[in-house]
Each structure stands twice: as structure tokens, then as C-alpha cells.
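Right, one structure below, let's go through it.
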Amino acid sequence: MNTPSQESAQLHRHIGFWALALYGIGDILGAGIYGLIGKAAGEMGNGVWMAFLVSMLAAGLTGLSYASLGSRYPKAGGASYVLARAFRTPVIAYAIGLAVLASGLTSMATASRAFAGYFVGLTGGVVPLSVVVVGFLLLIAGIVLRGIRESIWANTVCTLIEVAGLLLILVVGLQWIGAVDYFDVNAGLSAEALAALTEPRTIGFSLIFSGAVLTFYSFVGFEDILNVSEEVKEPEKTLPRGLIVAVAVSSVIYILISLVAVAVVPAAELAASKEPLVEVVRRAAPWFPTRLYSFIALFAVANTALLNGLMGSRLLYGMSRQGLLPAVLGRIHPVRRTPHFAILTMLVILLVLSFTVDIVGLAKSTSLLLLISFSLMNIALIVLKRRPGEPKGAFEIPSVIPALGFIVCVTMISFAK
């Protein structure tokens with residue numbers, strides 16, 4: 001039975017507009033761009049910017065739907081709450097809620113391994129990899145347990161360092177823009193792959209959308225903003241503004257990075273590199289210490305884990321309050337004002353995932369489920385807009401936007417491999 005203090009405790013509304021925008025930018029940029037740009041160059045060659053452009057369109061349309069839904073229903077359950085309200089069935093809400101949670105857990109488990117890899121490399125292997133993984137996850141859980149104020153401050157520091165690393169690439173590589181043919185989609189293929197082609201690949205709908213499916217995953221993160229809405233000041237107004245700014249800023253950075261990266265480093269070499277952006281810095285700014293850039297990447301990886309920890313714990317809390325998960329996960333610590341049981345549950349799951357589960361295979365399936373979730377959220381907004389008696393939001397959009405968002409998401413699902 002909950003004590004009176006547990007019953008009365010509520011999440012603390014600490015997040016303002018700029019903090020929320022930085023939360024979204026940090027979540028979207030994350031660690032993905034530091035490794036994804038190479039894989040995208042291998043898929044699209046110098047035309048990688050086209051894939052990012054289509055992904056930006058999909059993220060922009062669906063982001064507007066999320067912004068509108070967030071202004072209507074600022075609840076910690078996020079997509080789970082909205083889908084339950086729109087379709088009036090707990091089955092869809094439960095399934096999508098677990099899919100979103102799975103994506104966060106796999107992202108955190110992957111980030112913990114990536115962090116450990118960078119850390120061991122920078123310190124010369126003084127500390128065993130497994131010890132670093134456990135220590136890292138305990139640190140992230142400790143910050144999230146401490147409180148939303150501390151978590152947002154940690155995110156702000158990590159995001160500023162992370163963005164600084166990307167801005168460095170843009171500053172030193174800006175002079176290279178235009179040095180290559182940005183419509184050459186074969187530039188990322190190896191010599192053997194080029195020789196195996198009966199004729200050169202050409203720009204087409206299928207190629208661009210298959211590349212966009214890959215690059216779209218780098219935009220994933222804007223949806224997490226809904227899960228912290230109960231900790232946002234004036235969420236009806238702040239949430240849509242913060243979400244839109246986060247998607248817009250991240251989109252501009254992604255497009256510019258894609259233009260610079262293939263201009264500085266040939267796309268085929270970029271695709272083969274284990275640290276593609278470090279390679280860009282090495283060539284565009286040989287005076288800059290590459291070990292320092294690896295250190296910057298360390299903060300990007302840590303930020304990804306931190307924000308997914310926030311998202312996952314708030315999602316567990318929100319689903320518990322909806323009656324979809326055990327009530328204990330919905331308890332709030334009376335002093336720290338954090339969902340402590342939800343955070344500790346996530347920590348236990350992560351410690352198991354990080355050492356026992358094939359993260360790569362799980363990540364692929366959950367990424368596809370996220371696209372399905374985005375499709376359903378676009379439809380949910382249309383349903384809720386047409387239903388009499390539903391509250392209006394502070395940020396309303398015409399139904400054509402979620403309809404287009406649904407079409408783009410379904411099209412990308414059809415091209416997912």
C-alpha cells in the first residue's frame with residue numbers, strides 16, 4: 001500500500017523551453033550521426049544528403065503531429081496514452097508502449113557498450129570492459145534517480161559538447177562543400193561492388209527511400225519529448241515549441257554534415273571507416289587532436305543513454321498510471337520526485353540486456369516498430385481531431401499534415417530491410 005507521501009508526490013515541473021529544446025536536440029542528434037554517416041555514405045554515395053532530406057520530411061511531418069498531440073495531452077505515457085485515448089483499446093497502447101520502451105532499452109544497452117569501447121580505448125584498457133559497462137549504467141541510473149533538475153543539467157552539458165563537435169566539422173569543412181558531385185550515388189561503393197554492377201546505379205525513388213530508412217533512425221528521439229511532458233512548465237505551449245525547434249536544428253545540422261563529410265572524405269572511405277566523423281576531422285583539421293574528438297563522441301554516447309533512461313522511466317511510470325503495468329512502477333519518491341521503482345526496474349533489465357542479448361538484431365526490429373508507432377500516432381491525431389468533445393490543443397495543425405506523415409512513414413516501412 002502506498003504511504004500518504006507517496007500518494008501525494010508528483011513529478012516536478014522543472015523543464016523550461018530552452019531546456020526542453022536542448023533535451024530534444026541532444027536526443028535526436030545522440031550518438032547516431034557519429035557512426036551512421038558512414039553507413040549512409042555506403043548506401044547513397046555522395047547523394048547521402050537526399051536520404052537525410054527525405055528523413056527530415058518524414059520527421060518534420062510526424063514531429064508536427066507529436067507537437068500537436070503534446071499540446072493536447074501532456075502525459076508521461078506519451079504514445080501509449082495517446083493511442084489508448086484515440087483507439088479506446090489497451091492492446092495497441094500496451095504493444096506500442098512496450099515497443100518504444102524496447103527501443104530505449106536497446107539504445108541504452110548499445111550506448112553502454114559503445115561508451116565502454118571508447119573509454120577503454122582512451123584509457124589504454126586499464127579498466128575491464130564489463131566493469132565500465134556496469135559502472136556507466138549505475139552512473140546514468142544514479143543521475144536519473146537524483147532528479148529531473150540534475151538530469152537536465154547533465155543533458156545540457158553533454159548536448160553542448162556534442163553539438164560543438166558537430167559544429168567543429170562544419171567550420172573546418174565548410175570550404176570543401178561543392179568539391180564533389182552530390183548526385184553521384186555510386187561513390188560509396190567499393191571497387192569490388194562497382195565491378196559487380198552491370199550498369200551504374202541511378203537516382204531513383206527506391207534508392208532514395210531505402211537510404212532514407214537508414215538515415216531516418218538518426219532522427220528518432222523527438223518522440224521522447226512527450227514522455228517528460230509532466231515535468232515541463234506550461235507543457236501545452238512549451239512542448240510543441242521545443243519539439244519543433246529540436247527537429248529543425250537537428251535537421252539543418254544533419255544536412256550540412258552530410259554535405260561536408262562526403263566532400264572531405266571520399267564516400268567509399270567514409271563507409272569503410274569505424275570512426276567516420278573522426279576521419280573527417282583528421283583530414284579537414286589535421287591540427288586538431290583526434291583523441292579529443294573521440295572524447296567528444298564519449299559525451300554523445302553518454303547523452304544518448306541518459307535521455308533514453310529518462311524516457312524509459314517516464315514511460316514505465318505513465319503506463320503504470322494507465323493501469324497497463326504494475327502500480328508499483330507508478331510510485332514517485334516523496335523527496336527526489338522521481339519514479340524510483342521504474343528507474344531501478346530499467347537498471348536491472350539493462351544489466352541483463354548489456355551482457356546476454358543480441359542488441360543489433362533487437363534494435364532492427366524495434367526501429368521498425370517505431371515507424372509503425374509513428375504511423376499510428378499520425379492516424380490517432382486525425383481520429384482525435386474529428387471526435388466531438390476532445391480538447392483542443394494550443395498548437396493545432398490541419399489534418400493533411402498527419403495524413404502526409406502517415407503516408408511517408410508507411411512508404412518507409414515498405415522499404416525497410
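The first residue of the sequence shown is numbered 1, and numbering continues consecutively from there. Every heavy atom of this structure was used, including side-chain atoms; hydrogens, water molecules and symmetry mates were not.
- In terms of modelled atom types and a separation under 3.5 Å, the side chain of W176 and the main chain of A284 share no donor-acceptor contact.
- Using modelled atom types, one side-chain atom of Y182 and one backbone atom of L259 make a donor-acceptor pair closer than 3.5 Å.
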Give the intermediate values and the outcome of side chain to side chain contact (heavy atoms under 4.5 Å, CB included) for residues I152 and E231. CA-CA 11 Å; I152 291 300; E231 292 159 287; over 6 Å; no
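- At a threshold of 4.5 Å between non-hydrogen side-chain atoms, the residues P339 and L316 do not count as touching.
- A 4.5 Å side-chain heavy-atom check between V232 and P74 finds every atom pair outside the cut-off.
- Using a 4.5 Å heavy-atom threshold, the side chains of M377 and S65 count as separate.
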Do E43 and K39 pass the salt bridge (charged side-chain N to carboxylate O under 4.0 Å, His left out) test, and can you show the C-alpha distance, the side-chain angles, and the key distance before you say yes or no? CA-CA 6 Å; E43 184 85 17; K39 296 178 181 179; over 6 Å; no
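- Between the side chain of T238 and the backbone N or O of F17, no donor-acceptor pair lies under 3.5 Å.
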Tell me, with the steps shown, if E234 and R13 meet salt bridge (charged side-chain N to carboxylate O under 4.0 Å, His left out). CA-CA 9 Å; E234 298 182 343; R13 292 198 181 276; over 6 Å; no
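- For R336, the CZ atom sits in a packed shell: over 12 heavy atoms of surrounding residues, nucleotides or ligands are nearer than 6.0 Å.
- Of the options M319, R321, Q322, a side chain to side chain contact (heavy atoms under 4.5 Å, CB included) to Y81 is made by Q322 and by none of the others.
- Looking at I140 and L347, their side chains never come closer than 4.5 Å, going by heavy atoms from C-beta outward.
- Of the listed residues (V172, L166, L170), just one forms a side chain to side chain contact (heavy atoms under 4.5 Å, CB included) with V260, and that residue is L170.
- Here the side chains of V265 and P276 are not in contact, with every heavy-atom distance at 4.5 Å or above.
- At least one side-chain heavy atom of T338 sits under 4.5 Å from a side-chain heavy atom of R314.
- By the 30° and 60° cut-offs, the orientation of the rings of F119 relative to F115 is parallel.
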